[in-house]
Amino acid sequence: MRGRPQALVALSLVAAQLTGCGAERPRGTDGRPTSAGERPARLTVRQTLTTEVRYVEGSMSRLRVEEIRSGAVISDELRPFRGDEPLFDRRLEPGEYRLTSHQRPCSGNCANLDPPTDGCETTVRLEPGRNLAATIALAPSQGCTIGVG
């Protein structure tokens with residue numbers, strides 16, 4: 001009977017681990033613990049041309065996604081414009097994000113780029129478990145706007 005109290009203690013510890021007692025909270029995409037009930041959201045950003053005008057030699061699109069609260073840069077990519085695929089499509093923690101976009105026209109070819117032009121910026125709020133779509137409406141040499149909805 002001497003080993004019985006120790007066995008009960010060991011069994012209690014195993015049961016607590018199996019039921020999640022003292023378990024670490026789930027972590028979000030940034031590695032930080034999430035709040036109870038807080039689920040990641042999905043942000044998708046696409047780009048479209050609003051005029052028939054094009055950059056003569058093409059352009060590279062830059063999209064920067066920054067979490068406002070922490071200032072963390074989630075993405076900052078420069079890539080060729082392709083209207084059929086999203087510039088950004090990821091799950092993120094709920095909160096406010098700044099989206100910044102501009103174009104780098106190609107100079108001769110896209111290995112040589114002109115300075116940034118046709119920029120725009122907006123702030124979006126991601127709600128837990130929701131999907132949010134943003135569209136960059138680009139008019140070469142006239143600027144851009146970012147619509148959300």
Side-chain angles (χ1 to χ4, degrees), residues 10-149:
L11 185 58
S12 296
L13 290 173
V14 169
Q17 287 179 338
L18 291 175
T19 60
C21 180
E24 190 174 314
R25 287 189 345 207
R27 295 192 175 271
T29 55
D30 61 358
R32 293 189 313 240
T34 58
S35 313
E38 188 176 53
R39 297 177 318 234
R42 177 173 290 291
L43 174 63
T44 304
V45 181
R46 295 186 181 277
Q47 181 172 280
T48 185
L49 290 171
T50 60
T51 68
E52 294 297 317
V53 176
R54 305 272 193 272
Y55 297 102
V56 175
E57 294 153 340
S59 71
M60 300 288 281
S61 300
R62 171 159 264 149
L63 175 65
R64 178 182 173 102
V65 179
E66 178 183 353
E67 184 184 35
I68 291 177
R69 183 176 54 108
S70 68
V73 176
I74 306 302
S75 178
D76 190 0
E77 293 187 37
L78 181 67
R79 56 190 230 185
F81 172 69
R82 292 190 180 96
D84 58 338
E85 64 184 50
L87 289 174
F88 184 87
D89 186 19
R90 286 191 20 205
R91 296 179 69 74
L92 299 171
E93 292 307 308
E96 288 190 314
Y97 293 83
R98 180 176 296 113
L99 308 179
T100 307
S101 176
H102 66 255
Q103 298 298 302
R104 299 283 310 268
C106 301
S107 180
N109 61 57
C110 288
N112 299 306
L113 300 176
D114 287 337
T117 188
D118 295 326
C120 53
E121 178 179 303
T122 195
T123 300
V124 297
R125 178 157 192 70
L126 299 180
E127 300 296 333
R130 304 289 299 242
N131 296 334
L132 184 69
T135 301
I136 300 167
L138 172 64
S141 302
Q142 298 174 34
C144 71
T145 58
I146 303 175
V148 179

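Note that this is a predicted model, so its numbers are computed, not measured.
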Taking the side chain as every heavy atom from C-beta outward, state whether C106 and N112 have any pair of such atoms under 4.5 Å apart. no

Could you grab the distance from atom CZ of F88 to atom CD of E77, nearest 0.5 Å is fine? 8.5 Å

Have a look at S61 and tell me which of Q103, R79, R104 forms a side chain to side chain donor-acceptor pair (under 3.5 Å) with it. Q103

Do the side chains of V124 and L132 get nearer than 4.5 Å, heavy atoms only? yes

Test item: T100 and T122 side chains (from C-beta on) under 4.5 Å apart, heavy atoms: no

Do T48 and L138 make a side-chain contact, defined as non-hydrogen atoms from C-beta onward lying under 4.5 Å apart? no

Output, in order, the C-alpha distance, side-chain angles, deciding distance and verdict of salt bridge (Lys or Arg N to Asp or Glu O under 4.0 Å) for E93 and R39. CA-CA 7 Å; E93 292 307 308; R39 297 177 318 234; over 6 Å; no

Is the shortest heavy-atom distance from the side chain of I146 to the side chain of T135 under 4.5 Å? no

Rounded to the nearest 0.5 Å, what separation is found between the CG atom of L126 and the CG atom of N131? 10.0 Å

Identify the two heavy atoms, one from Y97 and one from G95, that lie closest to each other, and give their separation to 0.1 Å. CD1-O, 3.5 Å

So that I can tick it off, tell me whether R42 and D89 are bridged by a salt bridge, with the cut-off set at under 4.0 angstrom between side-chain N and carboxylate O. yes

Hey, could you give me the OG/CG distance between S101 and D118, rounded to the nearest 0.5 Å? 9.0 Å

Going through the checks in order, is the salt bridge (Lys or Arg N to Asp or Glu O under 4.0 Å) test met by R98 and E121? CA-CA 7 Å; R98 180 176 296 113; E121 178 179 303; 3.6 Å; yes

To the closest 0.5 Å, what do you measure between CG (L78) and NE2 (H102)? 6.5 Å

Do V45 and P86 come within less than 4.5 Å of each other through their side chains, counting heavy atoms only? no

Counting C-beta onward and ignoring hydrogens, is there a side-chain heavy-atom pair between L92 and P40 closer than 4.5 Å? no

Taking every non-hydrogen atom, the tightest pair across P115 and P105: O-CD, 3.7 Å

Would you say the side-chain atoms of E57 pair up with the backbone N or O of G108, donor to acceptor, closer than 3.5 Å? yes

Nearest heavy atoms of A41 and E127, plus distance in Å: CB-O, 3.3 Å

Atom CE of M60 and atom SG of C110: how far apart are they, to the nearest 0.5 Å? 6.0 Å

Evaluation steps, side-chain contact (heavy atoms from CB on, under 4.5 Å), between I136 and C144: CA-CA 7 Å; I136 300 167; C144 71; 4.1 Å; yes

Atom pair CZ/CG of R62 and L87 - distance to nearest 0.5 Å: 12.0 Å

Quick one, L49 with R54, criterion side-chain contact (heavy atoms from CB on, under 4.5 Å). Give me CA distance, side-chain angles, the key distance, then yes/no. CA-CA 8 Å; L49 290 171; R54 305 272 193 272; 3.0 Å; yes

Distance only, no hydrogens: is a donor on one side chain within 3.5 Å (strictly under) of an acceptor on the other, for E96 and T123? no

